[in-house]
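This report concerns only the one structure given below.
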There are 2 protein chains.
Amino acid sequence: MATMTDVARRAGVSVSTVSYVLTGTRPISDATRDRVLAAMAELDYQPNAMARGLASRRSNIIGLLLPLTGRALGATETAFVTGATEAAREAGYHLMLCPVGTDDSDELQTLATQRLLDGFLVMEVQLSDRRVDLLRKLESPFVLIGRTEDPTGLACVDIDFDQTVDDAVAHLVQLGHEAVAYVNHSAASLASGYGPAKRTAAAFEAALRRHRITGVMVPTDDTATGGRQAIREARERCPRLTGVLVMNENAALGILAELREAGLDVPWDISVVSMVTSEVVADLASPALTAMTSPGSALGAAATRVLLKRLADGDGTTYEELLPCVLEVRGTSARPRKKK
Amino acid sequence: MATMTDVARRAGVSVSTVSYVLTGTRPISDATRDRVLAAMAELDYQPNAMARGLASRRSNIIGLLLPLTGRALGATETAFVTGATEAAREAGYHLMLCPVGTDDSDELQTLATQRLLDGFLVMEVQLSDRRVDLLRKLESPFVLIGRTEDPTGLACVDIDFDQTVDDAVAHLVQLGHEAVAYVNHSAASLASGYGPAKRTAAAFEAALRRHRITGVMVPTDDTATGGRQAIREARERCPRLTGVLVMNENAALGILAELREAGLDVPWDISVVSMVTSEVVADLASPALTAMTSPGSALGAAATRVLLKRLADGDGTTYEELLPCVLEVRGTSARPRKKK
DNA sequence: ATGAAAGCGCTAACAT
DNA sequence: ATGTTAGCGCTTTCAT
């Protein structure tokens with residue numbers, strides 16, 4: 001394994017010159033640079049990451065804090081990881097997966113003080129998240145995916161739930177629907193103040209008013225069974241119902257199954273729009289789900305870019321970037337057929 | 001940020017003593033150790049990962065080579081990543097995600113010679129995989145998830161496809177099925193020599209013989225549409241068909257949809273067993289899919305353990321560990337009802 | 001059982 | 001534009 005000293009000797013220059021060729025932090029004459037580069041190539045030289053990190057106090061690695069609950073990651077999360085990883089690589093950084101939940105404060109403290117990571121991406125952010133407090137205290141640069149209660153002084157990248165709900169409702173209204181339901185996350189998460197649940201509930205109300213249509217919000221579990229119950233309840237509470245928005249993919253599939261068994265035709269009797277859904281899952285359903293596709297990979301890339309920017313600038317001001325889900329019309333939404 | 005020198009001074013010992021307390025590579029009297037530990041605690045000392053890595057030539061990080069194709073990772077892969085990450089953490093290691101496909105030789109070369117990673121886990125291994133050749137040449141320790149054509153001298157951890165297929169067929173036979181189809185991966189992947197496709201095809205033939213039943217193998221695309229076509233073809237070629245094994249989850253859902261539309265009752269008319277399927281996806285279907293659940297997270301953990309073992313022992317002998325998928329009977333398999 | 005000291009391979013002042 | 005050199009914070013011989 002050739003070292004920088006080897007390269008310097010071979011190129012007939014000093015080690016610092018070699019170093020500066022690598023980092024580009026001071027002007028080097030073309031002739032010298034060429035000689036150095038040639039020497040590197042001849043020796044198959046690769047800088048030692050550890051030595052670099054030690055001397056520069058930068059590892060060029062960012063950590064992705066992701067609670068690994070045992071159950072699988074959804075497609076959205078996966079896409080996020082992918083997007084973040086790619087964006088990091090393009091900037092010459094590496095991405096390290098760190099299974100750190102809100103409760104593993106010690107783990108995180110160790111990670112952050114080890115100086116192995118230059119900064120953090122924090123996934124699955126809770127409204128009140130201890131990881132945030134800790135990272136702040138330790139003065140580690142970080143970017144949140146999602147938002148805490150009070151985002152002052154934080155950098156957040158999140159789905160634009162307001163916009164997403166509004167776009168979904170607008171899609172149904174445009175098709176001629178006048179009574180729609182919104183099947184939200186569970187009552188429990190709503191009560192616990194889970195951000196997306198609360199924000200979408202409010203956005204739904206607002207959208208109903210804006211579009212002057214009626215509708216009901218039904219919280220339910222994020223399961224197929226939950227979806228089944230929710231659609232039954234929704235139809236009871238609002239018999240004229242012709243459209244439904246669903247927050248959770250599993251619930252969406254449950255709704256399709258329930259409607260089918262009730263002898264109703266999707267999309268002609270009832271349209272279903274799934275929110276924050278990945279393409280894969282949407283295609284699993286039949287008919288394929290009309291959905292608001294979550295910008296998973298774009299979110300990951302955006303978050304990474306924000307973090308790297310902050311690392312470079314030493315910037316720590318409040319920042320917020322919201323990306324809406326994009327409507328993909330597939331087979332479960334249509335103009336409702338006239339009743340009777 | 002306290003350094004080892006600070007700790008040494010505070011404890012009234014030399015730096016080397018502090019170091020040995022940390023690494024445990026030489027005996028320390030209890031009294032001294034206690035003083036050192038106390039000093040560390042008082043100073044909130046955390047060893048600097050970079051300095052450690054530079055001096056010891058070990059980063060305590062392993063890389064996970066995972067081609068990020070843009071499309072989402074399946075639940076099995078996700079579980080694998082989770083399992084590997086957890087296992088690494090338990091052993092005091094970190095896991096770094098490296099988006100490196102078979103074609104990114106340069107990327108991999110850089111990664112491996114940078115000395116940032118102690119070893120590699122290689123996912124989505126091709127029958128002939130250039131990453132394997134490269135890692136071997138660079139003498140980087142690594143473990144494959146999957147198998148190459150010739151596994152001599154390699155460490156592999158993989159799904160036991162033979163066992164899995166046999167278990168699935170046995171399940172159907174035991175229920176009384178006498179004519180079953182196997183819906184495999186696409187003809188293209190079969191032709192290209194994709195390992196799992198070839199191995200399961202062979203295992204299916206063997207299982208048919210062993211159980212003295214008839215059956216057909218139908219290759220198809222890994223999509224719902226592919227599944228639909230496949231089941232039509234299978235029923236044409238084998239009208240007495242009462243059971244079907246499916247290799248791909250999407251195809252499995254397509255098959256269910258097609259059968260339903262053809263007016264057939266699952267599982268009473270036709271049983272469906274999905275292979276290498278995750279629980280989440282199985283539950284998405286209605287009825288929930290009887291499936292051979294892939295040991296994703298166990299695979300990840302096993303692979304990590306093998307790699308760490310090799311790092312510790314400097315061992316490089318051939319090694320193979322196969323884990324079967326586990327049968328989970330859900331709603332799509334049953335004793336076939338008598339025809340006519 | 002403990003200490004002293006020589007690196008590990010690089011970056012970044014400080015020189016010229 | 002280039003060279004010299006003092007660290008970065010730790011591990012690990014070599015001593016005692």
Side-chain angles (χ1 to χ4, degrees), chain A residues 1-40 43-61 92 110 112-118 311-312, chain B residues 1-40 43-61 92 110 112-118 311-312:
Chain A
M1 199 88 300
T3 75
M4 198 171 242
T5 312
D6 299 331
V7 175
R9 188 176 313 127
R10 174 139 197 159
V13 298
S14 70
V15 277
S16 61
T17 299
V18 177
S19 173
Y20 287 117
V21 166
L22 232 35
T23 60
T25 47
R26 102 176 172 187
I28 301 277
S29 75
D30 286 357
T32 311
R33 186 198 324 283
D34 289 350
R35 287 224 311 292
V36 171
L37 259 18
M40 286 181 176
L43 295 174
D44 266 331
Y45 170 74
Q46 279 295 342
N48 178 305
M50 294 286 142
R52 252 192 146 164
L54 178 57
S56 66
R57 295 116 211 277
R58 303 293 240 86
S59 64
N60 276 33
I61 308 177
T110 307
T113 43
Q114 247 182 154
R115 317 263 56 190
L116 175 59
L117 273 9
D118 291 344
L311 289 178
Chain B
M1 199 85 303
T3 76
M4 197 171 244
T5 312
D6 299 330
V7 174
R9 190 177 311 126
R10 174 137 198 160
V13 297
S14 71
V15 277
S16 60
T17 299
V18 177
S19 174
Y20 286 118
V21 166
L22 232 35
T23 59
T25 46
R26 106 175 167 187
I28 301 278
S29 74
D30 286 356
T32 309
R33 188 202 320 284
D34 289 349
R35 288 222 312 292
V36 171
L37 258 18
M40 286 181 176
L43 295 172
D44 266 331
Y45 172 73
Q46 278 296 342
N48 178 305
M50 292 288 144
R52 248 190 151 167
L54 177 57
S56 66
R57 294 117 213 279
R58 303 294 241 87
S59 64
N60 274 31
I61 309 177
T110 308
T113 43
Q114 247 183 155
R115 317 264 58 192
L116 175 59
L117 274 7
D118 291 343
L311 289 179

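Within every chain, numbering begins at 1; the chains are lettered A, B, ... in the order of the sequence lines, protein sequences first and strands thereafter.
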**Prompt:** Using a heavy-atom cut-off of 4.0 Å to chain B, what are the terminal contacting nucleotides of DNA chain C, in 5' to 3' order?
**Reply:**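 First and last nucleotides in contact are C:dA1 to C:dG9.
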
**Asked** Stepwise, does the side-chain contact (heavy atoms from CB on, under 4.5 Å) test hold for B:Val21 with B:Arg35?
**Response** CA-CA 10 Å; B:Val21 166; B:Arg35 288 222 312 292; over 6 Å; no

Would you say the side-chain atoms of [X] pair up with the backbone N or O of [Y], donor to acceptor, closer than 3.5 Å?
X       : Y        : value
B:Ser59 : B:Leu116 : yes
A:Arg33 : A:Ile28  : yes
B:Asp34 : B:Ala31  : no

Atom pair [atom1]/[atom2] of [X] and [Y] - distance to nearest 0.5 Å:
X       : Y        : atom1 : atom2 : answer
A:Arg57 : A:Asp118 : CZ    : CG    : 12.5 Å
B:Tyr45 : B:Leu37  : OH    : CG    : 12.0 Å
B:Met40 : B:Met4   : CE    : CE    : 6.0 Å

**Prompt:** Going by heavy atoms closer than 4.0 Å, what residues in residues 5-16 of chain B are next to DNA chain C?
**Reply:**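 Residues of residues 5-16 of chain B that come under 4.0 Å of DNA chain C are, in numerical order, B:Gly12, B:Val13, B:Ser14, B:Ser16.
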
**Asked** So which pairs with a foot in residues 16-27 of chain A pass salt bridge (Lys or Arg N to Asp or Glu O under 4.0 Å), sequence neighbours left out?
**Response**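 Applying salt bridge (Lys or Arg N to Asp or Glu O under 4.0 Å) to every pair that reaches into residues 16-27 of chain A, excluding sequence neighbours, yields nothing.
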
**Proximity to DNA chain D (any heavy atom under 4.0 Å), residues of residues 22-34 of chain B only** =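 Residues of residues 22-34 of chain B under 4.0 Å from DNA chain D: B:Thr23, B:Arg26.
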
**Prompt:** Using a heavy-atom distance cut-off of less than 4.0 Å, which residues of residues 49-56 of chain A contact DNA chain D?
**Reply:**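 A:Leu54, A:Ala55 - these, ordered by number, are the residues of the stretch whose heavy atoms sit under 4.0 Å from the strand.
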
**Message:** Apply side-chain contact (heavy atoms from CB on, under 4.5 Å) to residues B:Leu311 and B:Arg58 and explain how you reach the verdict.
**Reply:** CA-CA 10 Å; B:Leu311 289 179; B:Arg58 303 294 241 87; 4.1 Å; yes

**Prompt:** Contact boundaries of DNA chain D with chain B (under 4.0 Å, heavy atoms), 5' to 3'?
**Reply:**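 Under 4.0 Å from chain B, the extent on DNA chain D is D:dG9 to D:dC14.
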
**Asked** Does the pair B:Ser16 and B:Ser19 meet the rule for a side chain to side chain donor-acceptor pair (under 3.5 Å), with working shown?
**Response** CA-CA 5 Å; B:Ser16 60; B:Ser19 174; over 6 Å; no

